[in-house]
Each structure stands twice: as structure tokens, then as C-alpha cells.
Amino acid sequence: MAKGWLTQEQADEARQLKEKAAAEKAATLNMNMIENIAKGRVAKFLKENCLVDQEFQFGDGDKINVADWLKKQDADLKVVAFRRFTLVSE
């Protein structure tokens, strides 16, 4: 629509068709598949947003998550607090 070759009505119709197709596809999925999709999305979110699950590269080694790195250093180490800081260069 921004380039002028599509009218507002055509854009609305395309959106409705897309929503209808998505609803039909969702209706054909069984409950087990929907639960697995939801679990996968939650797991991905937590992996990206939880400090102990995030992958980092410590030194020149392979990337491992923070929890595994702590276990490798000492089995008794655990995260007890979080602090956020930002380094600003001027």
C-alpha cells in the first residue's frame, strides 16, 4: 500500500485471508502439538532472558551457559544476586 499499487480494500482483504488461513491451520493442530509449540516458545524465551541460561564465551573456549560455567569452576557456586550495569564510553 505504501508504494501506491495496492488499495486499502485490497490490503484489508489480504489481511483477512491471512488471518483466516492462520485460524484454519491452528484448528487442524491437535492439543499435543499446540502444547509442544507453547513449551518450545517458553523455553526459547527463558533461554534468551534468564542470566544462568544465556550462552557466553568465557576466554577462548567454547560457548557455554552461565550455570554450566559456574558448575565447572566449583560445584558449590551459585548465583545469589543480579546487578545490571552499563559501560559508557564518551
Side-chain angles (χ1 to χ4, degrees):
M1 204 168 91
K3 294 187 179 191
W5 55 271
L6 192 64
T7 66
Q8 181 66 37
E9 293 81 23
Q10 290 171 327
D12 291 339
E13 184 180 350
R15 286 187 192 104
Q16 289 174 354
L17 287 172
K18 184 177 177 183
E19 290 172 3
K20 183 180 176 185
E24 288 174 357
K25 183 178 179 186
T28 61
L29 296 176
N30 63 27
M31 189 54 98
N32 190 27
M33 289 178 69
I34 294 171
E35 288 177 4
N36 287 339
I37 291 169
K39 286 178 186 177
R41 288 182 181 177
V42 169
K44 179 182 177 187
F45 174 81
L46 292 176
K47 183 177 181 178
E48 292 173 351
N49 292 291
C50 292
L51 173 70
V52 294
D53 293 330
Q54 289 180 357
E55 288 186 343
F56 287 96
Q57 184 171 353
F58 295 97
D60 294 330
D62 294 331
K63 288 185 178 183
I64 59 172
N65 66 28
V66 175
D68 291 341
W69 185 83
L70 287 173
K71 287 178 190 173
K72 204 161 94 172
Q73 301 306 310
D74 185 358
D76 296 329
L77 285 178
K78 62 181 179 178
V79 177
V80 294
F82 298 99
R83 299 287 183 251
R84 181 182 175 104
F85 65 94
T86 304
L87 298 176
V88 179
S89 61
E90 292 181 19

Hey, what do you get for CD (Glu13) to CG (Leu17), rounding to the nearest 0.5 Å?
5.5 Å

Taking side-chain contact (heavy atoms from CB on, under 4.5 Å) as the definition, give me every residue that meets it alongside Asn30, ordered by chain and number, with sequence neighbours left out.
Asn32, Met33

Name all residues meeting the side-chain contact (heavy atoms from CB on, under 4.5 Å) criterion together with Val79; count only those two or more places apart in sequence or in a different chain, and write none if there are none.
Val52, Leu70, Phe82

Which residues pass the side-chain contact (heavy atoms from CB on, under 4.5 Å) test with Glu19, not counting sequence neighbours?
none

With Asp68 via side-chain hydrogen bond (donor to acceptor under 3.5 Å, both in side chains) - residues at least two apart
none

Gln16 and Asp12 side chains, donor-acceptor separation under 3.5 Å
no

Asp62 side, atom CG; Glu55 side, atom CD - distance, nearest 0.5 Å
10.0 Å

Listed by chain and number, what are the side-chain contact (heavy atoms from CB on, under 4.5 Å) partners of Ala14, not counting sequence neighbours?
none

